[in-house]
Amino acid sequence: MPGKLPATYVKGFHNEEQVKRMEYRKFGKTGLELSKISFGGGALCANYGFDLDEGIKTVHEALKAGINYIDTAPWYGQGRSEEVLGKALKDVPRESYYIATKVARYELDYEHMFDFSAKKTRESVEKSLQLLGLDYVDVIQIHDIEFAPSLDIVLNETLPTLEQLVKEGKAKYIGLSAYPISVLKECISRAAGRFDTVLVYARYTLTDNTLLDYLDFFKSQNMGVVCAAAHALGLLTNAGPPAWHPASNEQKQLVRQASKVCKDRDVELGKLAMYYTSQLNEVSTFLTGMQTRQLLATNLAAAYDGLNAKEQEVLQHLRENVLTKPFNWEGNELEKYWSALKTK
């Protein structure tokens, strides 16, 4: 409930009034309590257009406002996101936040994009800690496991290496992520009790509610659930998706209609998307990429104040007339990846 101060509260660093407005939720079996809104470091690199000074100020403002969970990965800007966070966190009390990074997805070229091996996994965590300027991360996650040649390598190489790194004190908890939720369920089931957290992205949004089918399973495993990408990787915003977005052209065209309705009414589709997703109670936190203080303010306003009458009306109109059928882009990226590897 809002009103209480979390374990991450640091007097003299935080804005106490803002922190009291934030809701904190249990993160599965970890014992941590996370802010309802968490900070996606994926936006702190060129992928979404980004200014270093503004990015650092956004991190500071987010933390002072009570956001206490940061997520990043080597894949985001090929180390750039972790490097920027290292700069931003230099003068921030370590006890004021929890941070998660990832292993397994790395380079832009298809041949070196994924590596689930034990050797690379260990090297990656060491490099992440160096870039972040930290002795440990709170959560280490296996990134996009659907791209593994088979789950055997994830379970026989990646996971045991992470378990060893936890023993060495370089991480506290282990998580995993993927776009297809079916593969997450299979992997968690095959490694019963060995994963603590799961990151699901763009699967409970204005255009997709697949996550709802899996919430009971995650609960039965006592998993901390990170519900990421309410904006579906920039798709559900007035600015529209970045060029690399994996949705089909038809799907992008449909969402352009939705953003046109919003622009005509002077409403931000991104705020409607964030509000809609953040109504879900059965997850620990809503992770969203923010590289400007303006985006941070929009996301916090959606969480704290909800929508005004005009915004509610536009949201209802979109749900009844434009975004009427759920869709996803499952398989699109996998197909592209494997066919690119075959032509090498």
- prompt: Salt bridge check: are E163 and K167 linked by an N-O gap of less than 4.0 Å?
  reply: no

message: Which heavy atom of G66 sits nearest to which heavy atom of V19, and what is that distance?
response: CA-CG2, 3.8 Å

task: Find out whether L272 and E311 are in side-chain contact, i.e. whether some heavy atom of one side chain is under 4.5 Å from a heavy atom of the other.
output: yes

query: Is R94 salt-bridged to D138, going by a charged N under 4.0 Å from an acidic O?
result: yes

- prompt: Is the closest side-chain donor-acceptor distance between Q18 and R21 under 3.5 Å?
  reply: no

- prompt: Is the shortest distance from a Lys or Arg side-chain nitrogen in E168 or R122 to a carboxylate oxygen in the other one below 4.0 Å?
  reply: yes

message: Run the side chain to side chain donor-acceptor pair (under 3.5 Å) test on Y275 and Q312 for me, step by step, so that the C-alpha distance in whole Å, both residues' side-chain angles and the decisive distance to 0.1 Å come before the verdict.
response: CA-CA 10 Å; Y275 170 78; Q312 283 174 348; 5.0 Å; no

query: S189 and F217: side-chain contact (heavy atoms from CB on, under 4.5 Å), yes or no, with the steps?
result: CA-CA 10 Å; S189 302; F217 170 74; 3.5 Å; yes

message: Within the supplied structure, the quantity of interest is the number of heavy atoms (other residues, nucleotides, ligands) at a distance under 6.0 Å from K29 NZ; does it exceed 12?
response: yes

message: Set out, in order, the CA-CA distance, both residues' side-chain angles and the distance that settles salt bridge (charged side-chain N to carboxylate O under 4.0 Å, His left out) for E83 and R80, then state yes or no.
response: CA-CA 5 Å; E83 188 189 350; R80 181 65 172 149; 3.6 Å; yes

message: If you count heavy atoms of other groups shown closer than 6.0 angstrom to CD of E335, is the number above 12?
response: no

- prompt: In terms of side-chain geometry, is the basic nitrogen of D152 or R190 positioned less than 4.0 Å from the acidic oxygen of its partner?
  reply: yes

message: Whether the side chain of T277 engages the backbone of M274 through a donor-acceptor N/O pair (distance < 3.5 Å, no angle test) should be reported.
response: no

- prompt: When you look at V200 and V226, which way does the side-chain contact (heavy atoms from CB on, under 4.5 Å) test go after all the steps?
  reply: CA-CA 6 Å; V200 178; V226 177; over 6 Å; no

message: Quick check against the 3.5 Å criterion: does S35 have a side-chain atom that pairs as donor or acceptor with the backbone of S38?
response: no

Check ion pair K119-E157 (N to O, under 4.0 angstrom): no

message: Are more than 12 heavy atoms, taken from residues, nucleotides or ligands other than K260, located less than 6.0 Å from that residue's NZ atom?
response: no

message: Is it the case that the side chains of T8 and S96 hold a donor-acceptor pair, with the cut-off being a distance below 3.5 Å and no angle test?
response: no

- prompt: Is there a donor-acceptor pair closer than 3.5 Å between any side-chain N or O of S177 and the backbone N or O of D144?
  reply: yes

field: Parallel, tilted or perpendicular, as decided by the 30° and 60° cut-offs, for the rings of F114 and Y337
entry: perpendicular

message: Is it the case that the side chains of T30 and D196 hold a donor-acceptor pair, with the cut-off being a distance below 3.5 Å and no angle test?
response: no

message: Treating H14 as the side-chain partner and E16 as the backbone partner, does any N or O pair qualify as donor plus acceptor under 3.5 Å?
response: no

Residue pair Y76 / D71, side-chain heavy-atom distance below 4.5 Å: yes

- prompt: In terms of heavy-atom contacts, does CG of D305 have more than 12 from other residues, nucleotides or ligands at under 6.0 Å?
  reply: yes

- request: For residues T237 and E268, determine if any side-chain heavy atom of one lies less than 4.5 Å from a side-chain heavy atom of the other.
  value: yes

- prompt: Taking everything shown except K26 itself, do over 12 heavy atoms lie less than 6.0 Å from its NZ?
  reply: no

Cluster overlap V198 with L212, hydrophobic side-chain contacts below 4.5 Å: yes

query: Hey, are K336 and E333 close enough for a salt bridge, meaning a charged N less than 4.0 Å from a carboxylate O?
result: no

query: Y98 and F27: ring-ring contact (aromatic ring centres under 6.0 Å, His included), yes or no, with the steps?
result: CA-CA 11 Å; Y98 305 118; F27 195 31; 8.4 Å; no

- line: Minimal heavy-atom distance between R203 and P180, with the atoms involved, is NH1-CA, 3.8 Å

Output field: ring centroids Y201/Y179 closer than 6.0 Å: yes

- prompt: Would L131 end up clustered with Y106 when hydrophobic side chains under 4.5 Å apart are linked, directly or stepwise?
  reply: no

query: Is the shortest heavy-atom distance from the side chain of E54 to the side chain of Q291 under 4.5 Å?
result: no

message: Check for me, please, whether Y136 and L63 land in the same ILVMFWY cluster - side-chain distances under 4.5 Å, paths through other members count.
response: no

task: Assess whether atom NZ of K263 is packed by more than 12 heavy atoms of other residues, nucleotides or ligands within 6.0 Å.
output: yes

statement: Per side chain to side chain contact (heavy atoms under 4.5 Å, CB included), F218 is matched among T197, V283, V225 by V225

message: Please tell me whether L233 and Y276 are part of a single hydrophobic cluster in this structure, the criterion being side-chain heavy atoms less than 4.5 Å apart.
response: yes

message: Less than 4.0 angstrom from a charged side-chain N to a carboxylate O is my criterion; do E23 and R25 meet it?
response: yes

query: With distance as the sole test, does T298 use its side chain to make a donor-acceptor pair with the main-chain N or O of Q294 at under 3.5 Å?
result: yes

task: Taking atom types as modelled, find out whether S128 and E82 have a side-chain donor-acceptor pair closer than 3.5 angstrom.
output: yes

field: Shortest non-hydrogen separation from F286 to L280 and the atoms involved
entry: CZ-O, 3.1 Å

field: Residues K127 and E123 bridged, charged N to O under 4.0 Å
entry: no

field: Side chain S124, main chain V103, donor-acceptor under 3.5 Å
entry: no

query: Do the side chains of R265 and H317 get nearer than 4.5 Å, heavy atoms only?
result: no

- request: Taking the side chain as every heavy atom from C-beta outward, state whether I37 and M290 have any atom pair closer than 4.5 Å.
  value: yes

- request: For residues V139 and I174, determine if any side-chain heavy atom of one lies less than 4.5 Å from a side-chain heavy atom of the other.
  value: no

message: Are the side chains of Y304 and M22 in contact, using a 4.5 Å heavy-atom criterion?
response: yes

query: Do E320 and Q316 get their side chains close enough for a donor-acceptor pair, meaning under 3.5 Å?
result: yes

- prompt: Got more than 12 heavy atoms from elsewhere within 6.0 Å of CG, D264?
  reply: yes

- request: Mark yes when over 12 heavy atoms from residues, nucleotides or ligands other than E282 sit less than 6.0 Å from its CD; otherwise mark no.
  value: yes

- prompt: Do K87 and D53 sit within salt-bridge range, that is, some charged N less than 4.0 Å from a carboxylate O?
  reply: no

